[in-house]
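Keep in mind the model is a prediction, meaning the values are calculated, not measured. When a ligand or atom number is given, it counts from 1 through the structure's own listing order.
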Amino acid sequence: MKARITFFIVMICTLQTFAQDMYLQCGEIFDSESGTFLTERTIVVSGNKIKSIEKGFVSGKDMDNIVDLQSKTVLPGFIDMHVHIEGESSPSQYLDRFTKNDVDVAFQSTVYAKRTLMAGFTTVRDLGGSGVNIALGKAISKGIVIGPRIFTAGKAIATTGGHADPTNGVRKELMHDPGPKEGVVNSPEDARKAVRQRYKNGADVIKITATGGVMSVAKNGQNPQFTAAELKAIVETAKDYGMLTAAHAHGDEGMRRAIVAGIQTIEHGTLMEESTMELMIQYNTYLVPTISAGKAAAAMADIPNFLPAVVAKKAKEIGPISEKNFKRAYEKGVPIAFGTDAGVSPHGDNGKEFTYMHEAGMPVVLALQSAMTAPAKLLGMDKELGILKAGYLADIVAVDENPVNNVRTLESVSFVMKEGKVYKE
Ligand SMILES: [Zn+2]
């Protein structure tokens with residue numbers, strides 16, 4: 001008996017002593033804090049964290065793993081602040097809600113999650129689906145499904161007939177009167193209940209549709225859809241429960257109301273006036289530009305019968321101006337956090353947003369930081385994510401070229417590690 005106990009103690013000590021560290025020998029690494037590139041560094045990864053970053057190419061003991069990234073540029077895993085991981089645009093998307101069960105959605109969402117991670121996005125914020133997104137986030141964090149870390153909104157909150165009313169456009173027997181539980185509110189009391197219900201469901205983020213939107217079967221793509229009192233109730237309750245807040249907004253008035261109510265991010269921000277940009281700077285509200293969605297919506301509108309006529313009309317009007325609006329907001333000094341609205345655009349193409357941001361005039365280094373340090377801070381994860389630094393989670397990606405020389409290299413990452421585990425090499 002004694003001998004057996006001794007054997008186990010020796011085994012445990014041996015395992016601890018020889019726990020393998022990984023040595024990522026990197027041609028250059030991006031320091032997202034300073035916005036500079038450092039040449040010839042070795043990132044030592046132990047368990048799910050970065051243990052240290054050493055100068056030059058170093059290696060450990062015999063048992064340790066060496067990963068040769070000497071010809072690569074290595075960066076912190078990218079963060080996309082606006083995706084819809086459950087689905088993707090298709091000519092059948094408006095029919096899908098009548099034909100697909102949650103399990104169907106769940107299976108397809110695992111494919112999109114994997115694509116997103118393989119594109120170098122190790123963290124995403126899911127801004128609205130049916131609630132499958134909550135289960136998917138849990139399955140990924142348990143290691144059952146491969147995908148990015150997900151901060152999720154569950155089902156978005158709207159008003160009756162608003163952009164995220166799930167019964168828009170359906171025939172009258174199906175058009176019941178959804179309430180706070182389904183994310184439709186019509187008073188400050190409803191608004192509080194809807195937030196608390198999302199907390200109960202396991203959401204991390206409150207997403208509201210502050211104005212009309214492009215992809216819903218409704219006429220107006222930009223009118224304000226919440227009263228100031230409803231917005232105040234939402235933001236206050238979300239704060240009480242420690243939840244983040246995000247507002248979809250195309251029109252200026254709805255945006256203004258959301259900013260003044262204390263919303264943390266404005267999604268799209270398409271028709272933002274100059275004075276609203278100043279308000280965002282004053283309130284430190286971030287713009288999540290989603291240029292990818294604008295381009296994707298405009299392209300879909302040109303394909304006959306892809307979108308319902310009422311949607312195609314809005315997509316043609318609003319889609320093409322998103323890049324121009326981003327340029328104006330960036331030049332004005334509005335804080336920017338990276339986001340694509342993937343789901344409207346294809347999952348896995350998230351990296352194209354870097355190219356669009358750069359084409360609109362943003363230096364590559366700032367676009368990178370908008371997908372690293374800025375979102376980490378918004379997510380309350382700035383001591384764990386967004387920087388290659390000792391003690392941070394080992395979310396690490398590599399690309400073939402320095403992105404400052406060729407921004408498009410970010411569209412095809414060649415190495416992906418999440419929490420110390422290699423998913424793409
Ligand atoms: Zn969206």
Side-chain angles (χ1 to χ4, degrees), residues 79-90 93-94 96-97 105 109 112-113 116 121 124-134 136-137 148 150-158 162-166 168 183 198 203-218 221-222 225-226 244-251 254-255 258 263-272 286-301 307 311 314-315 318-319 321-322 325-326 336-350 352-353 356 375 378:
I79 305 173
D80 189 330
M81 290 293 272
H82 191 142
V83 304
H84 301 278
I85 206 90
E86 285 182 13
E88 198 169 270
S89 297
S90 81
Q93 66 181 317
Y94 293 91
D96 287 349
R97 58 183 156 154
V105 175
S109 74
Y112 301 140
T116 305
F121 289 78
V124 299
R125 193 171 64 155
D126 186 304
L127 288 189
S130 66
V132 163
N133 46 11
I134 296 173
L136 178 69
I150 301 181
F151 291 84
T152 181
K155 161 78 182 69
I157 301 175
H163 181 50
D165 179 335
N168 281 339
R198 266 129 205 84
D204 314 290
V205 188
I206 293 300
K207 155 84 177 294
I208 62 159
T209 50
T211 74
V214 174
M215 303 305 286
S216 53
V217 188
Q222 47 179 285
Q225 299 192 329
F226 285 82
L244 312 167
T245 52
H248 152 106
H250 290 298
M255 241 176 268
I263 257 336
Q264 288 171 298
T265 60
I266 293 290
E267 312 299 311
H268 323 299
T270 319
L271 301 163
M272 194 184 293
Y286 279 69
L287 172 68
V288 179
T290 71
I291 304 165
S292 303
K295 286 186 185 283
M300 283 185 270
L307 298 173
V311 176
K314 291 184 290 178
I318 292 175
I321 46 182
S322 60
N325 166 70
F326 163 72
I336 307 285
F338 182 103
T340 58
D341 211 354
V344 176
S345 54
H347 295 288
D349 281 359
N350 313 53
K352 287 186 178 171
E353 186 81 14
Y356 302 146
L378 283 163

task = Walk me through it: do T265 and E267 pass the test side-chain hydrogen bond (donor to acceptor under 3.5 Å, both in side chains)?
result = CA-CA 6 Å; T265 60; E267 312 299 311; 2.6 Å; yes
ask   = Among side-chain atoms of S292 and E353, is any donor-acceptor pair under 3.5 angstrom?
value =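 Short answer, yes.
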query = Are H248 and H82 close enough that their ring centers fall under 6.0 Å?
reply =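 Between H248 and H82, the centre distance exceeds or equals 6.0 Å.
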Taking 2.8 Å as the cut-off, does [X] contribute an N, O or S atom near the Zn ion (ligand 1), distance below it?
X: H82; value: yes
X: E267; value: no
X: H84; value: yes

key: D341: its N/O/S atom lying closest to the Zn ion (ligand 1) (atom name)   =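 This turns out to be OD1.
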inquiry  = Go through it in stages, so that I can follow the logic: the residues are D204 and L244, the test is side chain to side chain contact (heavy atoms under 4.5 Å, CB included), and I'd like the CA-CA distance, side-chain angles, deciding distance and then a yes or no.
reply    = CA-CA 7 Å; D204 314 290; L244 312 167; 5.6 Å; no
